[in-house]
Amino acid sequence: MATVAQAGGVEARSLDAPADAPPISRGMRVSYGAGAIANGIKNAAFTSYLLFFYTQIIGVPAGIVASAVALTLVVDAIADPLIGRWSDVTRSRWGRRHPFIYGSAAPTALFFLLAWFPPAGLTEFQMGAWIFVTAALTRVSISAFEINTSAMTPEMTQDYRERTRLFGLRWWFGYAGTYGFTTICLLTFFAATPEYPRGQLNPAGYPGFAIAGALAIIVAILICGIGTHKRIPYLRQAEVRAEHMPFGAHLREMGAALRNRAFLAIFGFGVLKYSAIGLYSATTLFFNTYLYKLTGAQLAILTVDSLVAATLAAPLAPVMSAWLGKRMSSMVFAVLGVAIGLTPLLLSINGIFFVPGNPLLVPALFAVGAIYGAMVAISLINTSSMLADVVEDSAVATGRHEAGTFFAASSFMQQCSTAIGIYLAGKLLVWADFPEKPAPGQVTDAMIHDVVGYYVPTTISLWTLGALILFFYPITRAKHEANLAALAAREAQARANELDNIPLGGPSR
């Protein structure tokens, strides 16, 4: 029979399969989704502001910043799969996910804060090293949280459509963290002053920005952990292993899981799409500052369009997946959304869009951003749900439920949005001869037009190639349900065999 361990009023079952779980309460759903605010804030700060802060405020060459952040991919490539595997094989009284959730809160907030306070007097090389170390440590810490909260989704429900709803909620809160935090900061820390009418260029705003971000990150992580704590008894525990498993055996099991065809299709799409998203985030502040010449208040208005987009996408994603299928909706909305999102840039550099100062400029950018953002969010939500379905598809082949391993790969994909995106943005600035810490009027129209000219084809290529890779994803709703039936039959047979082996007098003690 199953055994349980008791700690802190919470029982964690030692069965590999979860117990029959009660419905997820509304409060638990909200707590689970709210955790995504932490990663949203980190993404907002690192993808949109890190390159801008170090090049335009501190004066570090774009090439150094881009290279330092890109090098953190090496750390991610090693740390993320190890975190995922460690989580998958962890057995504790708090299950295999919550110890990592609680343990990530303080380190993430601390390393995030340090990234915005470089010591005075550093050389350019030393500044690059500081960016690399603080960014890498922040990303490893947030990965420990993101991998484990995402891995809980397929363990919380096996329902094909319910998973899309949960990820829709998670993406909404992620957008709220990214753009809600940005809006608040633009209206407070980066508010216009007589000396800095574009407040994002005011050095005095960044300390408050960093402290507020660190506090919000730690609160969001703890809300997620505490709010889902009661679900621990109904989440899968790691299987009991009779002998110590050598490191090589762990690597072989991870490799067997990651060779899954459906996973490889999502991973290929994910690396390319998140790199494109990172490039977009890293360049948008440059375009809004130098091409559209927007103030901090106008930028704050434009960040709201992403919240509108997420609010539209969260309920529409499961509808679109039911209508078109998860794979097709992910492909279609990705390509269409990006095509719409690039339109203002193309029209602007050709002189046929609203010019800076035109009262229709901000409303037009808002409308385009909301439509573009909703379409891309639908694609992101459905691909996340597709990855949850990979867990059972792999379990049919390997006999192991390795959600942590798969969502470690997802974490790595999203980290690419920072590293590769900032690297590409830095290269675009270098190619366009964009100055560091420019004096007023030093940035010319030709420079910003060159950046746009490099940006548009790069973005189109990343999204289109990524969408084409999804053609290789094989899991339909029918296949998912067949996988669940096969696993249920296998677990029922395992329980029957276990009962057959119990002596008539009952289990020995």
Side-chain angles (χ1 to χ4, degrees), residues 46-71 73 124-125 127-128 131 135 196-198 200-201 203 272 274-296 298-299 302 338-339 341-357 361 365 368-369 372 416-465:
F46 276 30
T47 57
S48 296
Y49 285 91
L50 193 70
L51 179 65
F52 193 89
F53 170 72
Y54 275 100
T55 60
Q56 306 298 289
I57 306 300
I58 302 298
V60 181
I64 289 178
V65 180
S67 297
V69 176
L71 283 174
L73 268 181
E124 289 182 351
F125 176 81
M127 193 68 74
I131 296 168
Y196 293 99
R198 295 185 180 89
Q200 61 271 26
L201 292 170
L272 293 174
Y274 283 119
S275 297
I277 291 171
L279 175 61
Y280 164 80
S281 298
T283 53
T284 294
L285 194 56
F286 287 86
F287 295 146
N288 287 337
T289 300
Y290 297 112
L291 177 62
Y292 301 125
K293 298 179 171 59
L294 302 179
T295 65
Q298 290 173 319
L299 291 177
L302 289 183
V338 170
L342 292 173
T343 302
L345 289 175
L346 291 172
L347 294 178
S348 292
I349 63 173
N350 286 286
I352 50 177
F353 195 64
F354 301 110
V355 299
L361 174 62
L365 291 174
V368 171
Y372 153 76
C416 285
S417 72
T418 302
I420 298 179
I422 290 179
Y423 177 78
L424 291 174
K427 297 304 291 185
L428 301 189
L429 296 176
V430 170
W431 294 339
D433 293 325
F434 212 88
E436 296 88 31
K437 203 173 183 179
Q442 189 178 354
V443 177
T444 65
D445 289 342
M447 290 175 183
I448 199 67
H449 286 192
D450 283 346
V451 176
V452 174
Y454 294 128
Y455 170 80
V456 170
T458 303
T459 297
I460 292 174
S461 299
L462 289 169
W463 277 104
T464 303
L465 181 58

**Study point:** Single hit among L51, I57, T55 for side chain to side chain contact (heavy atoms under 4.5 Å, CB included) with F53
**Key:** I57

**Study point:** Straight-line distance of I58 CD1 to M127 CE, nearest 0.5 Å
**Key:** 6.0 Å

Check your understanding: Does the side-chain contact (heavy atoms from CB on, under 4.5 Å) test come out yes or no for Y454 and K427, once each step is laid out?
Key -> CA-CA 10 Å; Y454 294 128; K427 297 304 291 185; over 6 Å; no

Review point. Minimum heavy-atom separation for L361 to F354, with atom names?
Key: CD1-O, 3.5 Å

Check your understanding: So how far is it from T444 OG1 to D450 CG, rounded to the nearest 0.5 Å?
Key -> 7.5 Å

Exercise for review: Kindly indicate whether the side chain of V451, heavy atoms from C-beta on, has any atom under 4.5 Å from the side chain of F287.
Suggested key: yes

Exercise for review: Please round to the nearest 0.5 Å and tell me the distance separating atom CH2 of W431 and atom CG of L429.
Suggested key: 10.5 Å

**Study point:** Where Y423 and A66 come nearest, the two heavy atoms and their spacing
**Key:** CA-CB, 3.6 Å

**Study point:** Minimum heavy-atom distance D445-K293, with the two atoms named
**Key:** OD1-NZ, 4.2 Å

Check your understanding: If you measure from CG on L342 to CG on L347, what distance do you get to the nearest 0.5 Å?
Key -> 10.5 Å

**Study point:** side-chain contact (heavy atoms from CB on, under 4.5 Å) evaluation trace for I448 with F434
**Key:** CA-CA 8 Å; I448 199 67; F434 212 88; 4.1 Å; yes

Review point. Roughly how far, to the nearest 0.5 Å, is CG of N350 from NE2 of H449?
Key: 9.0 Å

Review point. Is the backbone N or O of Y280 less than 3.5 Å from a side-chain atom of T283, with the two atoms forming a donor-acceptor pair by type?
Key: yes

Exercise for review: Going by the side chain to side chain contact (heavy atoms under 4.5 Å, CB included) test, name the single residue among T289, L294, T295 that passes it with Q200.
Suggested key: T289

Exercise for review: Hey, could you give me the CG/CG distance between L345 and L365, rounded to the nearest 0.5 Å?
Suggested key: 9.0 Å

Exercise for review: Looking only at non-hydrogen atoms, find the nearest pair between Y292 and P356 and report the distance.
Suggested key: O-CB, 3.4 Å

Study note, to complete from the structure: Minimal heavy-atom distance between W463 and A276, with the atoms involved, is NE1-CB, 3.2 Å

Check your understanding: Closest approach of A62 and V430, non-hydrogen atoms and distance?
Key -> CB-CG2, 4.5 Å

